Protein chains: 2
Amino acid sequence: MPTPPDPDPFHDHDHDACSGAVLEHALTRLEAEGARLTPVRRRTLEILLESHRAMGAYDVLQRLSAEGFGSQPPVAYRALEFLVNHGLVHRVQRLNAYAACLSPQKDHSPVFLICRGCDKVAETGSSDLRAAIGGLATSNRFTVERTTVEILGLCSQCVAAGAEARA
Amino acid sequence: MPTPPDPDPFHDHDHDACSGAVLEHALTRLEAEGARLTPVRRRTLEILLESHRAMGAYDVLQRLSAEGFGSQPPVAYRALEFLVNHGLVHRVQRLNAYAACLSPQKDHSPVFLICRGCDKVAETGSSDLRAAIGGLATSNRFTVERTTVEILGLCSQCVAAGAEARA
DNA sequence: TGGCATAATGTTATATCATCACAATTAACT
DNA sequence: AGTTAATTGTGATGATATAACATTATGCCA
Ligand SMILES: [Zn+2]
Ligand SMILES: [Zn+2]
Ligand SMILES: [Zn+2]
Ligand SMILES: [Zn+2]
């Protein structure tokens with residue numbers, strides 16, 4: 001009975017373990033980098049880890065504010081910026097939103113699967129895809145610094161549940 | 001003496017021919033679809049075609065307004081939406097901006113190379129990349145509807161001109 | 001321990017990007 | 001011409017993001 005290779009957010013998994021491991025990892029990494037996971041920052045990460053959905057900055061802010069932190073936009077944006085800069089959170093361009101990074105690997109280029117049925121977001125990766133981007137860059141003599149790859153569609157559960165097609 | 005395979009926006013090319021051909025193609029396609037390229041819409045496309053840069057909606061609006069069209073945001077957003085819906089313009093997520101589509105092919109999934117040195121944007125494509133995304137979707141049992149692939153970095157000219165690296 | 005420099009937080013105000021709602025106009029079709 | 005649907009225009013508002021600056025907490029060293 002093989003265990004799944006990755007915690008697939010789209011399907012049932014032990015989410016406490018899933019998010020707990022990520023948080024653990026974050027602590028270790030920041031320690032090594034000499035960066036401080038202050039209360040706001042930690043809480044922000046925890047909030048994002050609660051679900052496999054991307055959250056807007058103002059949604060995060062509302063949560064933080066309700067817990068006694070500052071209530072103005074920079075509070076959320078600064079915490080998010082810190083976490084993004086340290087690779088613990090990714091920005092999902094298509095949603096103007098932020099999602100906790102689930103990969104233990106540092107400095108990776110995430111690929112997002114975004115389900116428009118259930119709004120969940122899965123972070124994956126693909127060496128084939130990286131290679132294809134590398135090839136494209138080479139043939140265009142382009143120096144790659146960052147990549148955004150976001151795939152919008154429906155997860156299998158939403159298809160099974162009868163989510164209607166849309167172009 | 002072979003002609004270049006694609007007009008590479010990052011390098012010298014006959015841009016009048018480049019943009020003229022695209023506009024021509026747009027007229028034909030819309031005609032076929034029974035859609036109307038009204039003055040605002042046509043002008044919007046022409047403005048985007050003037051350069052190989054992505055423009056924000058408000059930049060487009062300013063141009064339109066100066067030419068006697070309406071001066072309120074919906075004027076620009078509606079024209080852009082129309083053009084995006086008909087595949088004549090793409091939205092560049094990373095820049096919150098819009099770029100004219102340079103591909104004669106309908107319903108394609110563009111890949112953008114975005115140079116942070118000169119702000120030019122090149123639209124390309126790659127069957128390898130499409131295949132990689134297809135594979136990723138299959139192995140995640142995910143139904144793809146739309147994809148966003150944007151590569152941020154430096155074009156060869158900007159590298160040659162000594163644009164500094166940035167992580 | 002006190003003093004200093006730096007980082008982090010909080011707040012006000014403002015910038016930027018995008019859509020709603022509704023009236024006026026124009027085009028298409030009978 | 002009369003009816004309908006599409007298009008355009010405008011004012012108002014919503015949503016996302018940053019600037020500027022005062023205040024507080026932290027780390028370091030004399
Ligand atoms: Zn990640
Ligand atoms: Zn789903
Ligand atoms: Zn050109
Ligand atoms: Zn360049």
Side-chain angles (χ1 to χ4, degrees), chain A residues 26 30-31 33-48 53-86 88-99 114 119 148 150, chain B residues 27 30-48 53-86 88-99 114 119 121 148 150:
Chain A
L30 289 181
E31 176 99 18
E33 294 181 4
R36 297 170 47 207
L37 191 62
T38 59
V40 213
R41 292 168 177 173
R42 175 175 179 141
R43 217 36 218 126
T44 300
L45 180 56
E46 288 172 349
I47 287 168
L48 289 178
R53 290 181 171 81
M55 293 180 72
Y58 280 75
D59 294 327
V60 171
L61 176 60
Q62 199 165 338
R63 291 286 308 275
L64 291 175
S65 173
E67 298 181 18
F69 295 101
S71 63
Q72 300 305 314
V75 169
Y77 280 103
R78 282 196 289 235
L80 289 167
E81 184 187 35
F82 171 88
L83 294 168
V84 168
N85 285 340
H86 287 82
L88 300 172
V89 163
H90 299 294
R91 179 182 164 82
V92 183
Q93 303 287 342
R94 216 160 163 117
L95 305 175
N96 289 344
Y98 302 82
I114 305 169
D119 284 327
T148 300
E150 298 176 358
Chain B
L27 293 168
L30 290 180
E31 177 99 17
E33 295 180 4
R36 298 169 47 208
L37 191 62
T38 60
V40 213
R41 293 167 177 174
R42 175 175 180 141
R43 220 30 221 126
T44 300
L45 180 56
E46 288 172 349
I47 288 168
L48 289 177
R53 290 182 172 81
M55 294 180 72
Y58 278 74
D59 295 327
V60 171
L61 176 60
Q62 199 166 337
R63 292 286 309 274
L64 291 174
S65 173
E67 297 181 20
F69 295 102
S71 62
Q72 301 303 314
V75 170
Y77 280 103
R78 282 196 288 234
L80 289 167
E81 183 187 35
F82 171 89
L83 294 168
V84 167
N85 285 340
H86 286 82
L88 300 172
V89 163
H90 299 293
R91 180 181 163 82
V92 183
Q93 302 288 343
R94 219 164 159 111
L95 304 175
N96 288 345
Y98 301 82
I114 306 169
D119 284 328
V121 167
T148 300
E150 299 176 357

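Side chains included, hydrogens not; waters and symmetry mates left out as well; all remaining heavy atoms used. Reminder, nothing fancy here: chain letters follow the sequence lines and each chain counts from 1. All of these numbers come straight from a predicted model, not from anything done at the bench.
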**CD/A/Glu46: more than 12 non-hydrogen atoms of other groups inside 6.0 Å** = yes

**Prompt:** In chain order, what residues pass the ring pair (Phe, Tyr, Trp, His ring centres under 6.0 Å) check against A/Phe69, with sequence neighbours excluded?
**Reply:** none

**Request:** Apply ring pair (Phe, Tyr, Trp, His ring centres under 6.0 Å) to A/Tyr77 and list each qualifying residue two or more places apart in sequence or on a separate chain.
**Result:** none

**Asked** Do the side chains of B/Asn96 and B/Arg91 get nearer than 4.5 Å, heavy atoms only?
**Response**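 The answer is yes; the side chains approach within 4.5 Å.
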
Taking atom [atom2] of [N] as reference, at what distance in whole Å does atom [atom1] of [X] sit?
X	N	atom1	atom2	value
B/Gln62	C/dA18	CD	P	16 Å
A/Leu37	C/dA7	CG	C1'	15 Å
A/Leu61	C/dT9	CG	C1'	13 Å

**Message:** So, taking the atom named CG in B/Leu30 and the one named CG in B/Leu45, what distance separates them when rounded to the nearest 0.5 Å?
**Reply:**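 Output value for this atom pair is 8.5 Å.
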
**Prompt:** Want to settle it: does B/Phe82 or A/Ala57 sit nearer the 5' end of DNA chain D, counting the closest nucleotide to each?
**Reply:** B/Phe82

**Request:** By nearest nucleotide on DNA chain D, pick out whichever of B/Asn96 and B/Val40 is the more 5' one.
**Result:**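 The residue whose closest nucleotide sits nearer the 5' end is B/Val40.
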
Please list, pair by pair, any protein nitrogen or oxygen found under 3.5 Å from a nitrogen or oxygen in nucleotides 19-30 of chain C.
none

**Asked** Earliest and latest nucleotide of DNA chain D, 5' to 3', sitting under 4.0 Å from a non-hydrogen atom of chain A?
**Response** D/dT16 to D/dT26

**Fill in**
Those residues at least two apart in sequence (or on a different chain) that pass side-chain hydrogen bond (donor to acceptor under 3.5 Å, both in side chains) with A/Glu67 are A/Arg43

**Complete:** For residues 72-85 of chain B, the salt bridge (charged side-chain N to carboxylate O under 4.0 Å, His left out) pairs (sequence neighbours left out) are none

**Asked** Which atom names give the shortest non-hydrogen contact between B/Ala76 and B/Val60, and what distance separates them?
**Response** CB-CG1, 4.4 Å

